[in-house]
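Working notes, structure below.
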Amino acid sequence: MVSIKISCQELLRFGEILKKEGYNQIFMCGSDISFGGRDKFYKQHGDYEIFDYISAKNNGRYTGGLEGWGFLDKNLYGFAKEEITRLSKEEKPFNCTILTVDTHHMEGLPCNLCPKEYDQQYANVIACASKQLDNFIECMGGILSRRL
């Protein structure tokens, strides 16, 4: 068996590669970015702009209440559409990384977009998450095709 010893400090991360190539980068999530040290990771490895529950509340973009750990994916997709639209108007290439989490918990977290098609809540949440992602990709397709 071959053993390779390398420290994590020596590894080059995707965000670092894109930063070196001049990309604008944003990491978006509906929870508090500081959970698990994600804020440090994305700042240290690509200097990402951060958009999370806390920043959205602080700048007045999200005025709703706490939905479990933050705001729901349906809200995150709306904010991501706005950010991608903004970034697409700039000359620099961009990377928008989105962390969705409605399917995270044992039964998922349903929103008002989730129909009750299945007997199990988790199946409904997964089906709903798939539809939301499909809608997001379709909506962003026109904008992104002009950038490729």
- Do Asp52 and Phe27 have side-chain heavy atoms sitting under 4.5 Å apart? no
Nearest heavy-atom approach of Tyr122 to Gly108 is CD1-N, 3.4 Å
Any chance CD of Glu82 has more than 12 other-residue heavy atoms, nucleotides or ligands included, within less than 6.0 Å? yes
Between Gln25 and Asp47, is there a side-chain heavy-atom distance shorter than 4.5 Å? no
- prompt: Heavy-atom distance under 4.5 Å between the side chains of Cys128 and Pro110, does that happen here?
  reply: no
Glu16 and His45 have their tightest heavy-atom pair at OE2-ND1, 2.8 Å
Heavy atoms of Gly65 and Tyr53 approach each other most closely as C-OH, 4.2 Å
(request) Flag yes if more than 12 heavy atoms outside Lys81 fall under 6.0 Å of its NZ atom; otherwise flag no. (result) yes
### Message
What I'd like to find out is whether the side chain of Asn95 reaches to under 4.5 Å of the side chain of Tyr48, using heavy atoms alone.
### Response
yes
Practice item. Find out whether His104 and Leu109 are in side-chain contact, i.e. whether some heavy atom of one side chain is under 4.5 Å from a heavy atom of the other. Key: no
For this session: Side-chain contact test, heavy atoms from C-beta onward, threshold under 4.5 Å: evaluate it for Phe79 versus Tyr62 and give yes or no.
Result: yes
Just wondering, are more than 12 heavy atoms of other shown residues or ligands nearer than 6.0 Å to CZ in Phe35? no
### Path from Met28 to Phe136 over hydrophobic side-chain contacts below 4.5 Å
yes
Between Glu90 and Asn24, is any side-chain donor less than 3.5 angstrom from a side-chain acceptor?
yes
Applying the 4.5 Å side-chain criterion to the ILVMFWY set and letting contacts propagate, would Leu113 and Ile137 be lumped into a single cluster?
-> no
Does any non-hydrogen side-chain atom of Arg13 lie less than 4.5 Å from one of Phe41? yes
All heavy atoms of Cys29 vs all of Phe71, minimum pair found to be O-CZ, 3.9 Å
Can you list the steps and then say if Arg86 with Glu49 is a salt bridge (charged side-chain N to carboxylate O under 4.0 Å, His left out)? CA-CA 13 Å; Arg86 174 184 66 83; Glu49 177 185 345; 3.2 Å; yes
Between Gln132 and Cys111 the two heavy atoms that sit nearest each other are NE2-SG, 4.0 Å
**Item:** Enclosure of Asp119 CG (heavy-atom neighbours >12, cutoff 6.0 Å)
**Value:** no
On a heavy-atom basis, the closest approach of Lys131 and Pro115 is NZ-CG, 4.2 Å
Is it the case that more than 12 heavy atoms not belonging to Gln120 sit under 6.0 Å from its CD atom? no
Asp102 and Thr100 side chains, donor-acceptor separation under 3.5 Å: no
Is a side-chain donor-acceptor pair under 3.5 Å present for Ser55 with Asn58?
no
Would you check if there is a donor-acceptor pair between the side chains of Arg38 and Ser31 at a distance under 3.5 Å?
yes
Is it true that Glu83 and Arg61 have a side-chain N and a carboxylate O under 4.0 angstrom from each other? yes
Item to complete: Please examine the side chains of Ile98 and Leu76, heavy atoms only from C-beta on, and report whether any two atoms are closer than 4.5 Å.
Response: yes
Connected via hydrophobic side-chain network under 4.5 Å: Tyr23 and Leu87 | no
